[in-house]
Amino acid sequence: MKVDPIGILFQYLNSLHEIPDGAPTGDLVGRKVGDTTIYLNHSGGYRMVRDRLDRVDIEYDVYHTDRAKAAGLALLTREFLLEDLPGRTLLGVTVLDVDDISIPRYLPDEDSREHVYGGEVAIFLVESK
């Protein structure tokens, strides 16, 4: 697979009206404390079928000034990834399935003390022909 999986998720999440504008990001450069953020991090994965199927593990961390809203946005993100993303084709890649690795849990930021809920999913991808 020659497509950045973060780019795929960035495009997908930014297309959803329920996700706050500008919240999805693949890095924290330029982020200010207090910005609602969905930080996407490629955490691992592996090739499952030679030249065909990849499994990509993605962590998502949701930052918010309000704990309940951070939890709610993390659970909403999880719901979209698990229930809506499979079957979509983005950037020349088709998402076959998405599985939970870890449901969102509370991980407050040690520096800013912002509320953060983070989870992880496995995404199964094939290049579209």
Side-chain angles (χ1 to χ4, degrees):
M1 189 90 32
K2 297 174 192 78
V3 177
D4 178 12
I6 297 301
I8 294 166
L9 291 183
F10 180 79
Q11 182 184 51
Y12 169 68
L13 291 172
N14 273 309
S15 74
L16 302 172
H17 299 302
E18 297 86 350
I19 300 295
D21 289 339
T25 184
D27 62 56
L28 297 176
V29 174
R31 182 185 180 278
K32 295 179 180 72
V33 173
D35 290 348
T36 298
T37 304
I38 301 171
Y39 174 50
L40 305 166
N41 183 30
H42 184 184
S43 58
Y46 51 88
R47 174 65 49 95
M48 293 187 68
V49 177
R50 180 186 293 271
D51 294 328
R52 187 72 182 132
L53 172 66
D54 281 352
R55 171 188 160 158
V56 179
D57 298 343
I58 302 288
E59 294 177 342
Y60 55 96
D61 293 326
V62 176
Y63 292 73
H64 202 289
T65 56
D66 181 271
R67 184 172 177 164
K69 289 182 179 176
L73 185 54
L75 292 168
L76 180 65
T77 299
R78 174 182 181 252
E79 185 76 12
F80 276 118
L81 293 175
L82 292 173
E83 304 300 332
D84 186 62
L85 181 59
R88 292 185 179 268
T89 299
L90 301 152
L91 302 175
V93 174
T94 300
V95 177
L96 298 178
D97 201 3
V98 179
D99 284 335
D100 260 332
I101 294 174
S102 176
I103 64 172
R105 64 192 183 284
Y106 189 56
L107 306 164
D109 187 275
E110 292 181 16
D111 296 322
S112 69
R113 301 309 302 159
E114 289 174 282
H115 301 291
V116 181
Y117 276 82
E120 188 173 13
V121 292
I123 302 176
F124 300 89
L125 306 169
V126 294
E127 289 187 72
S128 302
K129 301 248 178 189

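Excluded from the calculations below are hydrogen atoms, water molecules and symmetry mates; all remaining heavy atoms, backbone and side chain alike, are included. All residue numbers in this chain count up from 1 along the given sequence.
L75 is not connected to V116 by any chain of hydrophobic side-chain contacts under 4.5 Å among Ile, Leu, Val, Met, Phe, Trp and Tyr, and they are in different clusters. Neither L96 nor I101 shares a network with the other; the hydrophobic side chains, linked directly or stepwise wherever heavy atoms of I, L, V, M, F, W or Y lie under 4.5 Å apart, form separate groups for each. By the criterion of side-chain heavy atoms lying less than 4.5 angstrom apart, applied directly or through intervening Ile, Leu, Val, Met, Phe, Trp or Tyr residues, L91 is grouped together with V98 in one hydrophobic cluster. Residue L16 is grouped with residue V62 when hydrophobic side chains (ILVMFWY) are merged at heavy-atom distances under 4.5 angstrom, including chains of intermediate members. Placement of Y39 and L13 in two distinct hydrophobic clusters is found when ILVMFWY residues are connected by side-chain heavy-atom separations under 4.5 Å, directly or transitively.
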(request) Please test D57 against V121 for side chain to side chain contact (heavy atoms under 4.5 Å, CB included), starting from the C-alpha separation and ending with a verdict. (result) CA-CA 6 Å; D57 298 343; V121 292; over 6 Å; no
(request) Could you walk me through whether D61 and N41 pass side chain to side chain contact (heavy atoms under 4.5 Å, CB included), step by step? (result) CA-CA 8 Å; D61 293 326; N41 183 30; 5.9 Å; no
(request) Show your working on side chain to side chain contact (heavy atoms under 4.5 Å, CB included) between I19 and L76 and close with a plain yes or no. (result) CA-CA 8 Å; I19 300 295; L76 180 65; 4.3 Å; yes
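D109 approaches S112 most closely through the heavy-atom pair OD1-N, 2.7 Å.
Here the options are L125, D84, L9, V56, the test is side chain to side chain contact (heavy atoms under 4.5 Å, CB included), and the partner is V95; only L125 passes.
Atom OG of S102 is separated from atom CZ of R78 by 9.5 Å, given to the nearest 0.5 angstrom. How far CG of L73 is from OH of Y60: 10.5 Å, rounded to the nearest 0.5 Å. Note that CD of E120 is 10.0 Å distant from CG of D100, once rounded to the nearest 0.5 Å. For the atom pair CG (N14) and OG1 (T25), the distance works out to 9.0 Å, reported to the nearest 0.5 Å. With rounding to the nearest 0.5 Å, the separation of NE2 in H64 from CG in D35 is 10.5 Å. Rounding to the nearest 0.5 Å places OG1 of T37 at 7.0 Å from CD of E114.
For E18, the CD atom sits in a packed shell: over 12 heavy atoms of surrounding residues, nucleotides or ligands are nearer than 6.0 Å. For CG of D27, the number of neighbouring non-hydrogen atoms (other residues, nucleotides, ligands) closer than 6.0 Å is greater than 12.
Within the 4.5 Å cutoff, side-chain heavy atoms of I58 are placed close to those of H42. No side-chain heavy atom of I123 sits under 4.5 Å from any side-chain heavy atom of P5. With a 4.5 Å cut-off on side-chain heavy atoms, R105 and L107 count as touching. Between Y12 and L81, the closest side-chain pair of non-hydrogen atoms falls below 4.5 Å. In this structure the side chain of P104 never reaches within 4.5 angstrom of the side chain of T77, judged on heavy atoms.
In this structure, the ring-ring contact (aromatic ring centres under 6.0 Å, His included) partners of Y117, at least two apart in sequence or on a different chain, are Y106.
In this structure, R31 is positioned above the aromatic face of Y63, its NZ or CZ under 6.0 Å from the six-membered ring centre and within 45° of the axis.
Under a 3.5 Å cut-off, the side chain of T65 and the backbone N or O of G34 do not form any donor-acceptor pair. For E127 (side chain) and G92 (main-chain N/O), no donor-acceptor pair under 3.5 Å exists by modelled atom type.
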